[in-house]
K.L.:
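Could you have a look at this structure, given as structure tokens, before my questions?
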Protein chains: 2
Amino acid sequence: MRVLSLTTVKRLPNYYQIIKDLHGRGREYVSCDRLAKLLGIAPGLVRKDLAEVAAKVQKVGYHVPDTLRNIQEILGMHNSKQAVLVGVGSLGQALLNYRGFDDYGFKIVAAFDTDATKAGQFIGQTEVLPVSLMPGLIRRLYVKIAVLTVPADQAKTTAAELIKAGIEAIWNFTPESLEVPSDILVRNEDLGVGLALLSYELERRIMPK
Amino acid sequence: MRVLSLTTVKRLPNYYQIIKDLHGRGREYVSCDRLAKLLGIAPGLVRKDLAEVAAKVQKVGYHVPDTLRNIQEILGMHNSKQAVLVGVGSLGQALLNYRGFDDYGFKIVAAFDTDATKAGQFIGQTEVLPVSLMPGLIRRLYVKIAVLTVPADQAKTTAAELIKAGIEAIWNFTPESLEVPSDILVRNEDLGVGLALLSYELERRIMPK
DNA sequence: TAGATTGTTAATCGATTAACAATC
DNA sequence: TAGATTGTTAATCGATTAACAATC
């Protein structure tokens, strides 16, 4: 499997969504034209994206079940991936309840919070533990992924602790930018960015020119 | 004010974050080199981004308080923007509790859910109402923005109802792609995309080649 | 075969970078 | 002035599109 461009990988969940839907409705094949129309992009782009991804059959299009499987394969959706979550605020709680993770093979095995009164609660399937138990649990279970949902001012120190305990990938929901060693993977997910874009487009529309 | 490229607008919240922090610590000026280093991008890009945005002073850099104000202005952060939220599941609840919206002038004035037993509850500052009251309230308060956090299978019909009631911008957290008239603004925010990217990079790293 | 489809190429577009010019 | 900084230009890079070739 060749390395896919990041822009292609970004679209994979969109293809996945549509193809999963078609699969559920019993469709066997789908053309790139159809996919392109549903996603609002050029058919050629679909062909390029799926060139290394889809199970294509000349004349009838892409084979739905096989293509679905290939996307799952590429994204490692059926490899189960253990993760911990740090910071059981409102966003942390939401992510603990969010069911969309299962699809991607993610399982949050424990959540941590500095507020000891939260310890012992279950949110969704996950137990909240005091943050003092964090390094030990990460080491014991060989957890490599952490979801970071602490307040912004605790982001850097928490990230440092996580890395020290053996975490290799951080999904960062704080607006802080983290400085980490180059062998640590960080993905920033900032709701503020989406809101800023919405906000900007609204401004331009409401007071045009 | 000229039209900024979307890539520039996407970085504005990052500049905002840093400059706000500098402002809080009493700094008066900041150079593009400094900003570039903190964001991990080229100094020239910072200069280009901020050319139309920042209050620059030759020889000392960008004026922190004025630049902060300009970014707020461009993003319309001090215009208060009323919004409603539909779908009080786990993600909906999180967004109702999320305090980051205030900064951008967003105020969620009401939340709606089809589950009538949720009605009457307050989540954060916001009351949950039965969905039957939605069109009336949107019209009465002239609300133009909706946050869509319903289950995927209700996304399309809910969006249609919102638009019928007068909503002009939808912040879509469902994985569905909505088909809307061209005068309606939609921003898709799919956590699955972020997860897919993290997942892909992890795969590549764990089983290299 | 004819026709529907995917594959591939070259052209285009836009964003980023690097280097230097301009400024105070 | 010298020096620190921003402004601007041209080169580069990468993604997308459009058009056509190849396939079964």
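Just so it is clear, the model here is predicted, and its values are computed rather than measured. FYI, side chains are in, hydrogens and waters are out, and symmetry mates aren't considered; it's all heavy atoms of this structure.
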K.L.:
From C/dT16, D/dT17, C/dC24, pick the nucleotide closest to the side chain of A/L45?
P.N.:
D/dT17

K.L.:
Looking at D/dC24, which nucleotide sits across from it as a Watson-Crick or G-U wobble partner, both distances under 3.5 angstrom, or is there none?
P.N.:
C/dG3

K.L.:
To the side chain of B/Y62, which of D/dT16, C/dA15, D/dT6 is closest?
P.N.:
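Between D/dT16, C/dA15, D/dT6, the one nearest the side chain of B/Y62 would be D/dT6.
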
K.L.:
Can you tell me the base-pairing partner of C/dA19? Count Watson-Crick or G-U wobble geometry only, both distances below 3.5 Å, and say none if there is no partner.
P.N.:
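Paired with C/dA19, as far as the under-3.5 Å criterion goes, is D/dT8.
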
K.L.:
To the nearest Å, give me how far apart CG (A/L6) and P (C/dT16) are.
P.N.:
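That distance rounds to 14 Å.
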
K.L.:
Figure out the OH/P separation between B/Y29 and C/dC24, and round it to whole Å.
P.N.:
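Between P of C/dC24 and OH of B/Y29: 14 Å.
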
K.L.:
Out of D/dT17, C/dT16, D/dT16, which has the shortest distance to the side chain of A/T7?
P.N.:
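My answer, after comparing the listed nucleotides, is D/dT16.
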
K.L.:
If you only use heavy atoms from C-beta on, which nucleotide in D/dG7, D/dT9, C/dT6 is closest to the side chain of B/K48?
P.N.:
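Among D/dG7, D/dT9, C/dT6, the one nearest the side chain of B/K48 is D/dT9.
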
K.L.:
Side chain of B/K59, heavy atoms from C-beta onward: which of C/dT17, C/dC24, C/dA15 has the nearest atom to it?
P.N.:
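Nearest to the side chain of B/K59 among the choices is C/dC24.
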
K.L.:
Salt bridge or not between A/K107 and A/D102? Use side-chain N to carboxylate O under 4.0 Å.
P.N.:
no

K.L.:
C/dT6, D/dT6, D/dT17: which one has an atom nearest the side-chain heavy atoms of B/S31?
P.N.:
D/dT6

K.L.:
Let me know the distance between CG of A/D49 and P of C/dT6, rounded to the nearest Å.
P.N.:
13 Å

K.L.:
We want to know whether B/T174 and B/N172 form a side-chain donor-acceptor pair, criterion being a heavy-atom distance below 3.5 angstrom.
P.N.:
yes

K.L.:
Within this structure, what is the NZ-to-P distance between A/K10 and D/dG14, rounded to whole angstrom?
P.N.:
15 Å

K.L.:
Nearest heavy-atom pair of A/L75 and B/A196: which atoms, and what distance?
P.N.:
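Scanning both residues, the minimum pair turns out to be CD2-O, 3.8 Å.
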
K.L.:
Pick base, sugar-phosphate or nothing for A/V46, based on heavy-atom distances below 4.0 Å to the nucleic acid.
P.N.:
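No contact.
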
K.L.:
Just how far, in rounded Å, is P of C/dT8 from CZ of A/R47?
P.N.:
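Whole-Å distance recorded here is 11 Å.
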
K.L.:
How close do B/Y104 and B/P13 get, heavy atom to heavy atom, and via which atoms?
P.N.:
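Smallest heavy-atom distance, with atoms named: OH-CB, 3.5 Å.
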
K.L.:
Indicate, with a heavy-atom threshold strictly under 4.0 Å, whether B/R11 touches base, sugar-phosphate, or nothing.
P.N.:
sugar-phosphate

K.L.:
For the NZ atom on A/K156, are there more than 12 heavy atoms of other groups (residues, nucleotides or ligands in this structure) within a distance under 6.0 Å?
P.N.:
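Count over threshold, so yes.
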
K.L.:
Given atom CG of B/L35 and atom P of D/dT5, what is their separation to the nearest angstrom?
P.N.:
12 Å

K.L.:
Which whole-number value in Å describes the distance from A/H63 NE2 to C/dT6 P?
P.N.:
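After rounding, the gap between these two atoms is 14 Å.
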
K.L.:
Starting from P on D/dG7, measure out to CG on B/D33 and report it in whole angstrom.
P.N.:
13 Å

